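Note that the structure is a prediction, hence the values are computed from the model and not measured. Residue numbers begin at 1 in each chain, while the letters A, B, ... track the order of the sequences. For the numbers below, each heavy atom of this structure counts, side chains included, while hydrogens, waters and symmetry mates do not.
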Protein chains: 2
Amino acid sequence: MISPESRRIVSRRTRPAKSPLSQEAIVSTALELLSREGMAGLSLRKVAAALDTGPASLYVYVADLNELHVLVLDRVLGEVELPPEQAGDWRNRLKALLRSYFGVLLARPGLAQVALSTIPSGPNMMALTEALLSLLAEGGVDLRRAAWAIDLLLLQTAAVAAEQDNRRSQDESELARVAEAVHSVSAEQHPNIHALGDELVSGKGDRHDWALDVLINGVLSTPRP
Amino acid sequence: MISPESRRIVSRRTRPAKSPLSQEAIVSTALELLSREGMAGLSLRKVAAALDTGPASLYVYVADLNELHVLVLDRVLGEVELPPEQAGDWRNRLKALLRSYFGVLLARPGLAQVALSTIPSGPNMMALTEALLSLLAEGGVDLRRAAWAIDLLLLQTAAVAAEQDNRRSQDESELARVAEAVHSVSAEQHPNIHALGDELVSGKGDRHDWALDVLINGVLSTPRP
DNA sequence: ACCTGAACACCGTTCAAGT
DNA sequence: ACCTGAACACCGTTCAAGT
């Protein structure tokens, strides 16, 4: 009988560079590809190729592409920084937490889209959820309202991240098309759009902070029906 | 020289069922496929097949898949109902307008995702934008703040629609996985999640109205920095 | 100018066959 | 139990050749 140790040594000698397949290795490789190539790199075939195997081999560890998305997302959510209690009042800590979530989603191209199209349930998402709930509770929001509020806050943050990521990856001609459409409306047809002009298309970068204040103020002043 | 009329008659006789290719015909066909098959039906190859031609033929009228998305989205936005002035105060009309937008996005599976990943600039989007701006102006929101607010309102509405569409198209096992994750946390680890339980995963359907009030209240009480 | 067939470079997923 | 090659049923896009 061959012990596990000797088996490992033999396999190391014959194929020194190839680590054994595992869900963890698959997720790590997928994350590397996502960081380098964006959403386009996050394919089962590319992950398999990077691990020097065929795509069929991955199905032992991962049910389908959607499960890979869920796993990659939760892995990355481990990078979200939960603010310490000394970091200010609950509102500032809440905003810091959501800004960290925002930054993590924007750090990899395409990740925000993944966050919008999957329903994560991993341990890191649970930790983030719990932290948000307890910050809102500290702010005097009752728990049932907080449950609805964190959905709103997480969804809005992911959506803004996805929008900015789109803008980043789209060529300039797309943005020029929008700007042209806005400028070509007449004052009679659409007076408000005409009056705003560039204000409607430019400077989308620094609105997230304002958006967070809008949401927090709104949550504080709007009880559940 | 052959007049357009005689040319049309000849072409009718030889190929009675096949309408001539045009951007309009392509968008209509794409919309039919989207309604029937969802996002999976919205492919250039399927549109071409439905029009009885090869995929290469479409590139005369449409630059790429993204442009088709933009065109389909703006076509559908024509169905959004702009509320008449008699329909109540500005707040109720604003909510009615966004609910109409919400309903249009949800009427076709996958359309909300399209709305989140494209930057529309067609005439129907302009009309919707103008209507939102003028309703907010009526509510006393200054125009510069309104410009930021409508981004927030449109993005949130599309994101909630996309989330509900996801939920609808995903199999129940996905939702069961989330519910299981929530129920399996201990009271010591995550007391707030534990206390909420099902409240966190169920009844996501009727929150959009509350979300709209949160956003409107937030916008009213949060000036631009 | 418009249309087409064929090709290129990809996808996710399944399945029978191997170890 | 795990891995694999090969196949199936798709994609978007390009290009040379036709009309």
Close N/O contacts between protein and nucleotides 9-13 of chain C (under 3.5 Å):
residue: dC11(C); atom: OP1; partner: S43(A); partner atom: OG; Å: 3.4
residue: dC11(C); atom: OP1; partner: K46(A); partner atom: NZ; Å: 3.4
residue: dG12(C); atom: OP1; partner: L44(A); partner atom: N; Å: 3.1
residue: dG12(C); atom: OP2; partner: L44(A); partner atom: N; Å: 3.2
residue: dG12(C); atom: OP2; partner: R45(A); partner atom: N; Å: 3.2
residue: dG12(C); atom: N7; partner: R45(A); partner atom: NH1; Å: 2.7
residue: dG12(C); atom: O6; partner: R45(A); partner atom: NH1; Å: 2.6
residue: dT13(C); atom: OP2; partner: Y59(A); partner atom: OH; Å: 3.0
residue: dT13(C); atom: OP2; partner: L65(A); partner atom: N; Å: 3.0
residue: dT13(C); atom: O5'; partner: Y59(A); partner atom: OH; Å: 3.2

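Summarising the geometry, the separation between CD on Q23(A) and P on dC2(D) is reported as 12 Å, rounded to the nearest angstrom. Residue L21(B) contributes atom CG, which lies 19 Å from atom P of dT19(D) at whole-angstrom precision. Computed from coordinates, the L51(A) CG to dC3(D) P distance equals 11 Å when rounded to whole Å.
Across the C1' atoms, dA16(C) and dC2(D) are found 15 Å apart, a figure rounded to whole Å. Across the C1' atoms, dC10(D) and dA9(C) are found 13 Å apart, a figure rounded to whole Å.
Applying the side-chain hydrogen bond (donor to acceptor under 3.5 Å, both in side chains) rule to S57(A) yields the partners T53(A); only residues at least two apart in sequence or on another chain are considered. Take R45(B) and apply the salt bridge (charged side-chain N to carboxylate O under 4.0 Å, His left out) test, not counting sequence neighbours, and it matches no residue. Partners of N124(A) according to the side-chain hydrogen bond (donor to acceptor under 3.5 Å, both in side chains) rule, which considers only residues two or more places apart in sequence or in another chain, do not exist here. E32(B) is linked by a side-chain contact (heavy atoms from CB on, under 4.5 Å) to R36(B), counting only residues two or more places apart in sequence or in another chain.
Applying the ring pair (Phe, Tyr, Trp, His ring centres under 6.0 Å) rule to pairs touching residues 193-212 of chain A yields F102(A)-H208(A), W210(A)-W148(B), sequence neighbours excluded. Among residue pairs with one or both ends in residues 94-105 of chain A, those qualifying as side chain to side chain donor-acceptor pair (under 3.5 Å) are K95(A)-D213(A), R99(A)-D209(A); sequence neighbours excluded.
For E79(A), the CD atom is densely surrounded, since the number of other residues' heavy atoms within 6.0 Å is greater than 12.
Residue S57(A) places none of its side-chain N or O atoms closer than 4.0 Å to OP1 or OP2 of dC2(D).
Looking at DNA chain D, the stems built from 3 or more consecutive Watson-Crick or G-U wobble pairs, each pair with its key distances under 3.5 Å, are C:4-8 with D:12-16, C:12-16 with D:4-8.
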Which pairs of donor and acceptor atoms, one on a side chain in residues 178-187 of chain B, lie under 3.5 Å apart (sequence neighbours left out)?
residue: H183(B); atom: ND1; partner: A179(B); partner atom: O; Å: 2.8
residue: S184(B); atom: OG; partner: E180(B); partner atom: O; Å: 3.2
residue: S184(B); atom: OG; partner: A181(B); partner atom: O; Å: 3.1
residue: S186(B); atom: OG; partner: Q189(B); partner atom: N; Å: 3.1

